[in-house]
Participant: 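First, the structure itself, so that you have it in front of you.
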2 protein chains.
Amino acid sequence: MATIRDVAKLAGVSLGTVSKVINGVDSVRPKLAKRVAAAMEALDYHPNQVARSLKVRRTQTIGVLVSDVANPFFTGVMRGIEGEARSHGYSVIFCDSNEDPDLERTNLDTLFARRVDGALIIPTNAHTAEQHLVRRRFPLVFIDRIPPSFNGSAVVADNFGAAEEATRHFIGLGHKRISIITGTLTLSNGLDRLEGFRKALQQAGLPLHDEYLQQGDFLLESGYRCGLKLLQHPVPPTAILCCSNQMTLGLMRAMREMSISCPDRVSILGFDDFDWAENVNPRLTTVAQPMMEMGKQAMQMLLRRITSIHEGVYGEEEKVVLKTELRVRDSTAPPLEVLDPAPHEV
Amino acid sequence: MATIRDVAKLAGVSLGTVSKVINGVDSVRPKLAKRVAAAMEALDYHPNQVARSLKVRRTQTIGVLVSDVANPFFTGVMRGIEGEARSHGYSVIFCDSNEDPDLERTNLDTLFARRVDGALIIPTNAHTAEQHLVRRRFPLVFIDRIPPSFNGSAVVADNFGAAEEATRHFIGLGHKRISIITGTLTLSNGLDRLEGFRKALQQAGLPLHDEYLQQGDFLLESGYRCGLKLLQHPVPPTAILCCSNQMTLGLMRAMREMSISCPDRVSILGFDDFDWAENVNPRLTTVAQPMMEMGKQAMQMLLRRITSIHEGVYGEEEKVVLKTELRVRDSTAPPLEVLDPAPHEV
DNA sequence: TTGAAAGCGCTACCAC
DNA sequence: GTGGTAGCGCTTTCAA
């Protein structure tokens with residue numbers, strides 16, 4: 001493979017001159033520059049970024065550590081990251097920690113060894129394996145979830161507000177028996193959604209029965225299990241807030257198996273909005289998170305940290321909370337009692 | 001940041017010795033090795049992979065170029081790739097070409113400049129931008145789609161067989177008016193599915209009317225558009241084979257808008273099997289592709305090419321075709337006429 | 001078994 | 001403007 005040396009020789013100039021041409025430094029006479037360009041072309045020369053990285057002590061690479069690629073939510077975030085990274089000349093090394101904290105740590109070490117300029121991370125759980133990197137002043141920003149006691153940079157969705165709005169939507173429809181299937185409560189996104197739900201209920205003066213609070217773990221199976229429990233209750237809820245797309249799928253399965261129709265018997269509202277949500281029967285009312293935007297802003301934040309640390313100033317950690325959007329479709333409707341109220345209730 | 005030099009100094013040994021310890025060469029006295037290890041620990045030393053890569057002329061990194069991360073099919077493949085890569089000590093640089101051939105080319109150049117040891121690629125379309133890399137003997141394997149006139153390594157699903165099996169499923173159910181919504185026909189996966197469909201029809205002595213052959217482009221909108229055309233036909237088909245998950249969603253939308261129920265009025269069968277397929281109403285019959293397996297085998301194939309090329313032998317290009325699986329659920333059923341045949345048809 | 005030294009391909013500094 | 005040269009952090013001979 002041709003090196004800068006070969007190019008210099010063929011063009012009859014020095015290494016330094018070729019380097020300048022490569023890097024667009026314009027203190028090179030056009031004539032020489034042209035000769036160099038011709039030589040590069042002739043030799044099919046492509047600058048070796050590895051060598052460059054070693055010299056300039058920057059790899060123009062960032063690491064992205066997701067807890068599970070299979071989740072389409074992360075996929076959306078990934079798109080945002082990738083686009084923003086590319087437009088700033090960065091490449092991204094991708095790692096999947098498979099929801100495994102040990103793997104997360106190993107991956108982080110790998111990224112560090114490869115000298116990525118910084119990393120974006122969607123943490124697996126309450127683990128704080130990454131704290132040592134924060135202390136080492138390694139540019140790091142968290143996405144979607146914030147581990148407890150973590151005080152680094154992050155971009156998350158307004159989970160509290162989203163759950164509150166969703167719950168109020170139920171309340172506005174006339175629902176009284178409202179239930180929630182939560183995500184993992186050791187994760188900020190899981191907890192915040194529950195709190196938002198609680199607040200909306202409280203403000204409306206509605207009680208929250210213990211049986212109506214089902215704790216899931218964001219995965220399909222738990223949505224199914226919790227759904228079954230809720231629906232088999234002697235006085236089942238008329239509305240269910242489901243805190244992840246996977247769990248919503250599980251809940252739908254439970255409803256189908258029990259032949260409970262939606263929204264007639266129970267209204268459902270899920271987190272995350274994907275293509276399928278608006279094309280299934282009934283079309284699902286959902287809370288849409290700005291996935292791409294989260295990825296994009298996280299990348300921008302990381303870039304800021306990289307440059308500031310590079311300049312020696314270890315600036316303030318930032319935190320950005322992005323608004324969500326409630327998309328009302330057909331899976332939420334007034335409860336039957338309201339449509340056809342018993343006389344004594346009027 | 002500590003370097004190998006600092007470690008050597010602190011441990012009172014030479015650079016070479018430290019290097020040996022790092023790389024597990026056992027010609028180092030245990031006593032010294034221990035001293036070195038202690039020094040590394042004390043200095044929080046992490047070997048610089050960039051420097052190592054420059055020296056050994058291998059980055060232990062591969063590039064993955066997908067046409068669109070947002071598609072859950074690629075996500076599945078990605079999981080397979082990542083796991084296999086990691087277990088072999090490889091990292092993956094990820095690029096999304098957004099179905100844009102120019103971007104695909106740019107990304108390929110970036111990967112090359114970064115001196116990845118090889119690349120896995122899900123090409124965008126008929127473009128052959130990558131041919132120059134093949135000629136350059138750069139280790140490359142294609143996944144899912146094979147550009148026409150490409151003769152490099154690849155792992156794909158048995159698209160022909162899958163479509164054939166799916167179509168026969170319709171035929172076995174008693175359908176006579178069977179239609180297909182194809183993918184992009186300039187891509188091998190799009191074309192092979194159409195051919196498999198054709199063959200099954202032919203073998204059963206069934207005609208294929210032009211109006212029943214709708215050409216889509218794998219995307220949701222085209223599924224919707226084609227679905228509408230099909231369903232508005234004076235003599236609509238009783239069964240539709242839909243060649244991608246996105247298009248199936250579009251088709252479902254068309255059916256909902258026209259209030260055509262599935263499988264009563266028309267049976268549908270889609271390509272790709274995701275969580276939502278078996279949890280919507282009705283549960284979808286699908287062709288499942290071995291996504292993870294495709295990623296895994298592609299990575300293994302790439303590894304073989306990397307080592308063989310490294311050893312100077314430019315071995316034969318390989319091609320692997322993986323079996324698919326038909327998952328019969330509730331969206332396919334016998335046509336109404338068969339359930340309640342008119343007397344003269346018996 | 002260990003150490004010294006060369007060099008991977010590039011950038012950047014300093015003379016000219 | 002241009003060229004020579006040192007050196008980024010590591011591996012890998014070759015001698016000792």
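Everything quoted here is computed from the prediction, not taken from an experiment. Just so it is clear: chains get the letters A, B, ... in the order the sequence lines come, proteins before strands, and each one is counted from 1.
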Participant: Mind listing the side-chain donor-acceptor pairs of residues 66-78 of chain A below 3.5 Å, one per line with the distance, residues two or more places apart or on another chain?
Facilitator:
{"from": "A:Ser67", "atom 1": "OG", "to": "A:Glu99", "atom 2": "OE2", "distance (Å)": "3.4"}
{"from": "A:Asp68", "atom 1": "OD1", "to": "A:Ala70", "atom 2": "N", "distance (Å)": "3.0"}
{"from": "A:Asn71", "atom 1": "OD1", "to": "A:Phe73", "atom 2": "N", "distance (Å)": "2.8"}
{"from": "A:Thr75", "atom 1": "OG1", "to": "A:Val69", "atom 2": "O", "distance (Å)": "3.4"}

Participant: Remember a base hit wins even if backbone is also touched, and classify A:Val50 as base, sugar-phosphate or nothing at under 4.0 Å, heavy atoms.
Facilitator: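 Nothing, no nucleic acid heavy atom in range.
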Participant: So which of residues 26-43 of chain B are in contact with DNA chain D, with a heavy-atom cut-off of under 4.0 Å?
Facilitator: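 Nothing qualifies; none.
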Participant: Under 4.0 Å between a side-chain N/O of B:Thr17 and OP1 or OP2 of C:dG3, yes or no?
Facilitator: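 For C:dG3, OP1 or OP2 has a side-chain N or O of B:Thr17 closer than 4.0 Å.
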Participant: Verify whether one side chain among B:Asn23 and B:Arg52 offers a donor that lies under 3.5 Å from an acceptor in the other.
Facilitator: yes
Participant: Can any side-chain N or O of A:Asn98 pair as donor or acceptor with the backbone N or O of A:Asp100 at less than 3.5 Å?
Facilitator: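 Checking the backbone N and O of A:Asp100 against the side chain of A:Asn98, no donor-acceptor pair under 3.5 Å is found.
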Participant: Decide yes or no on side-chain contact (heavy atoms from CB on, under 4.5 Å) for B:Asn189 and B:Val156, but give the supporting numbers first.
Facilitator: CA-CA 8 Å; B:Asn189 54 353; B:Val156 296; over 6 Å; no
Participant: Could you encode protein contacts along nucleotides 8-16 of chain C as a string, one character per nucleotide from 5' to 3', using B for base contact, S for sugar-phosphate-only contact and - for no contact, with a heavy-atom cut-off of under 4.0 Å?
Facilitator: BBBBB----
Participant: Please determine, by modelled atom types, if A:Ser97 and A:Asn107 share a side-chain donor-acceptor pair under 3.5 angstrom.
Facilitator: no
Participant: Nearest 0.5 Å, please: how far is CZ in B:Phe142 from CD1 in B:Ile121?
Facilitator: 4.5 Å
Participant: Looking at side-chain heavy atoms only, is the closest gap between A:Phe112 and A:Arg115 below 4.5 Å?
Facilitator: yes
Participant: Take atom CZ of A:Arg114 and atom C1' of D:dC10, then tell me their distance rounded to the nearest Å.
Facilitator: 15 Å
Participant: Applying salt bridge (Lys or Arg N to Asp or Glu O under 4.0 Å), run through A:Arg304 and A:Glu318 and close with a yes or a no.
Facilitator: CA-CA 10 Å; A:Arg304 283 196 293 275; A:Glu318 302 176 63; 2.9 Å; yes
